[in-house]
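Note that the structure is predicted; figures quoted are calculated from it, not measured.
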There are 2 protein chains.
Amino acid sequence: MRQKPATIKEIAKKLSISISTVSRALHDHPSIGLITRQKVKRMAEEMHYEPNQTAILFQKGKTYTIGVILPELSEAFFSSAISAIEDVANKRNYNVLLAQSHDDQEKEKQLVEKMKNHRVDGLLVSVAKTTASFEHFDMLKRYNIPVVFFDRVPPLKDIHYVACNMETGSIEAVNFLLKKGHRTIGMINGPGTLAASGQRKEGYIKAMLKNRLKFDPSLIVSCDLTEEGTIQALNGLLENKRKPTAIVTFNDYVSLYAIRHARKLGIDLNTELEFVSYANLPIINFMDHSPIASVEQFPYIQGQRAADILFDLLNSNNDEEQTAFYKITIESQLVMSPVKTQAAG
Amino acid sequence: MRQKPATIKEIAKKLSISISTVSRALHDHPSIGLITRQKVKRMAEEMHYEPNQTAILFQKGKTYTIGVILPELSEAFFSSAISAIEDVANKRNYNVLLAQSHDDQEKEKQLVEKMKNHRVDGLLVSVAKTTASFEHFDMLKRYNIPVVFFDRVPPLKDIHYVACNMETGSIEAVNFLLKKGHRTIGMINGPGTLAASGQRKEGYIKAMLKNRLKFDPSLIVSCDLTEEGTIQALNGLLENKRKPTAIVTFNDYVSLYAIRHARKLGIDLNTELEFVSYANLPIINFMDHSPIASVEQFPYIQGQRAADILFDLLNSNNDEEQTAFYKITIESQLVMSPVKTQAAG
DNA sequence: AATCCTTACACAAACGTTTGCCCGATTTTC
DNA sequence: GAAAATCGGGCAAACGTTTGTGTAAGGATT
């Protein structure tokens, strides 16, 4: 009982009219009379007509598909972002072609190639950690495939992007700690190769200076984001001449590792040392001692904005060379951790 | 500088040969001589020829795309499964069209419709929690679109599916606790509407009986998987005449809630009460007191197998009515939690 | 009554590729 | 040396849809 879906050709034959009339009738083209139009529509219904998407796509030279390349779907940030992208795409009746680079530059390169071959109409990318060269994205320009980067943005000039400004959040975080009375604030930062590390550091410095406190470089240490690296970094801070009473960490994971280590050292997290971090991941709800606050980076909104921009580019007449570029920064925001009744022991 | 990719037509003109020859040459068709073949290939390279996928798909009447509908991407289980599906699909040069039902039956219905319109070659589905009727999947049969369900499988006869058998894991969990000396083992189960709840319970009972212990129904309570529900369930168990010394929980979240509550009650988790759960989610690594073991349900493998089956169906001559159905159950498996140096407190 | 618009539809090309069939030229076969 | 097989390649249809152009019939305008 394999019934191939009906085609407009069959409808035309059945009604003894031309194919083009059927096509136009279904699209409510004004040059088709009302009676014919209705006749066609009724017949289409009756024959269970479904427009053959692949034929339409082929004919129009568009795929009505946007590609999304991101590092790792299992990271909460990205799965949230992809949800947003999907929602936006669905609203526009576009499809989403998803692929993970697993933070591997080579894989990312292949995926770009694949997306291009699949003739996606546009591309949304959050680059892999290891990506150091960006020629594979240049190629897309020649094929007139617009790209919007989000969150992890390459350091290029002529690109569209949406990213989260870490500085504001960083300033908020430090201000928050200062208001709580802390004067010696440490920072466990990420590797210098990440743009985000620089922004976090900048925010830290700005907040200190604005509060007329001098900036002590020895209070900022960087780590490789692993547990071991974090432990080393924390140890470094604790051995510092000026021992910090609060620490800002690069993200919730680093916070987690640091907190775990601090407890092992017998440090009282209620009185001796407080933590603030970035990301505001769900995991902090599961920790007995979580950072007291975390900087939210709004993955859903980032995804949404990025997708919106991409559609804007798709709809604009992009026949002329692109000269203006969307460069959107979303302000990050400090969020207090939900008050938890700390476990007894 | 918009350069539309070259077509075989242009290659043909440039070489003054026919289109069909170019096509066949590129496909290494035996009826094309070696010299011509190489000439064509060189020219194709030179002109940066890229086969137009949409044209091919249209011509072949296939989309080389499989659809995936699942409840929620942000759940670790599914993001892991989708990774597997993606990997399998990539290996076969297929694309993945992803969509989330957000556990809503209506949305799921729409997505199935959309997938059908997009003429996906096949479909992978994990049904939404709320889905109670399944006609929307029947339609796919008429269009000859094979469907493979995974993890959350509808209670239908003539379907292909991959699921995880909870019984084995449940038995292992109980056996594990019995061997550790526990005699009064409680269970915080999920809602009765979920098939998994029944399986977990069955496994529990079987394990008890096999060890010549009598089964006490009052030791099994169900909850709605929320934190409040879990607390109530735990309280119920603790007030039982026979107070359990170990508890099997429906999943890691329930375990988390229960552990949190138990600690608040001042219960010593090292001596008084032990937990075992299901899912083996990454979160248990972040908890100070995690369940001592968890039943792994192999999301990656489930996704992989489901995808494999789908491709098998796609490649088989499915012109005749399907009569045999893949019904794969993967055995779940108890996994010990990594030993953690418990925090001092 | 001849001209000019509309109206309402038909014709056919085009999108890029695959593939069944045909055909001329060379080689093989007896 | 003629018939047959093989080789190498061309022709054209087909996939389903959209859309520019052509063209009848009918009405309005002069």
Side-chain angles (χ1 to χ4, degrees), chain A residues 2-41 43-44 47-65 93 116-121 143-144, chain B residues 2-41 43-44 47-65 93 116-121 143-144:
Chain A
R2 306 297 142 86
Q3 70 188 46
K4 289 262 175 254
T7 69
I8 55 172
K9 191 190 272 183
E10 290 165 5
I11 298 179
K13 201 192 291 181
K14 209 120 187 173
L15 291 175
S16 305
I17 58 179
S18 86
I19 295 177
S20 56
T21 304
V22 176
S23 174
R24 283 193 245 258
L26 290 173
H27 286 81
D28 286 319
H29 192 282
S31 89
I32 303 297
L34 186 62
I35 14 151
T36 326
R37 215 184 301 176
Q38 291 185 334
K39 217 167 43 179
V40 169
K41 286 192 178 177
M43 181 58 80
M47 298 178 70
H48 293 102
Y49 169 72
E50 309 270 358
N52 183 325
Q53 293 296 332
T54 58
I56 296 175
L57 305 185
F58 165 57
Q59 207 281 142
K60 295 213 166 190
K62 291 183 66 177
T63 58
Y64 289 97
T65 299
N93 262 307
K116 186 203 64 187
N117 284 349
H118 205 264
R119 302 284 202 272
V120 293
D121 291 345
Y143 286 98
N144 200 18
Chain B
R2 306 301 143 87
Q3 71 185 45
K4 290 264 175 251
T7 69
I8 55 172
K9 192 190 273 185
E10 291 166 4
I11 297 179
K13 201 192 291 182
K14 208 119 188 171
L15 291 175
S16 305
I17 59 179
S18 85
I19 296 177
S20 55
T21 303
V22 176
S23 174
R24 282 193 246 259
L26 291 173
H27 286 80
D28 285 319
H29 192 284
S31 90
I32 303 298
L34 186 60
I35 12 149
T36 327
R37 215 184 303 176
Q38 292 186 333
K39 215 167 45 179
V40 169
K41 286 192 178 177
M43 181 58 80
M47 297 177 71
H48 293 101
Y49 168 74
E50 308 273 356
N52 182 326
Q53 291 297 332
T54 60
I56 297 175
L57 304 186
F58 165 57
Q59 208 281 144
K60 295 213 166 190
K62 290 182 66 176
T63 58
Y64 289 97
T65 299
N93 262 308
K116 186 203 64 186
N117 284 348
H118 206 263
R119 303 281 201 276
V120 293
D121 292 345
Y143 286 97
N144 201 16

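In this structure, K13(B) atom NZ and dT17(C) atom P are separated by 14 Å, rounded to whole Å. In this structure, CD of E10(B) is placed 8 Å from P of dG16(C), rounded to the nearest angstrom. Atom CD1 of I8(A) is separated from atom P of dT19(D) by 11 Å (rounded to the nearest Å). In this structure, I19(A) places its CD1 atom 10 Å from P of dG16(D), rounding to the nearest Å.
Take the nearest nucleotide of DNA chain C for I35(A) and for I56(B): the residue whose nucleotide is more 5' is I35(A). Judged by closest nucleotide on DNA chain D, G33(B) is the one of K60(A) and G33(B) placed further toward the 5' end. Looking at which nucleotide of DNA chain D each of R119(B) and R24(B) is closest to, the 5′-most match is held by R24(B).
Evaluation of F58(B) against the base of dC15(D) yields a stacking contact (centre distance < 5.5 Å, interplanar angle < 30°).
Inter-residue side-chain proximity for I8(A) and Y49(A) is flagged as met; some heavy-atom pair is nearer than 4.5 Å. Between D28(B) and K41(B), some side-chain heavy-atom pair lies under the 4.5 Å cut-off.
Interatomic distance, OG1 of T21(A) versus CD1 of I11(A), reported as 12.0 Å (0.5 Å rounding).
Considering every non-hydrogen atom in both I17(A) and V40(A), the closest pair reads CD1-CG2, 3.7 Å.
Checked against dA10(C), dG8(D), dT17(D), the side chain of Q59(A) finds its nearest nucleotide in dT17(D). For T21(A), the listed nucleotide lying nearest its side chain is dA10(C); candidates were dA10(C), dT18(C), dA8(C).
Checking the phosphate oxygens (OP1, OP2) of dC11(C), no side-chain nitrogen or oxygen of S18(A) falls inside 4.0 Å.
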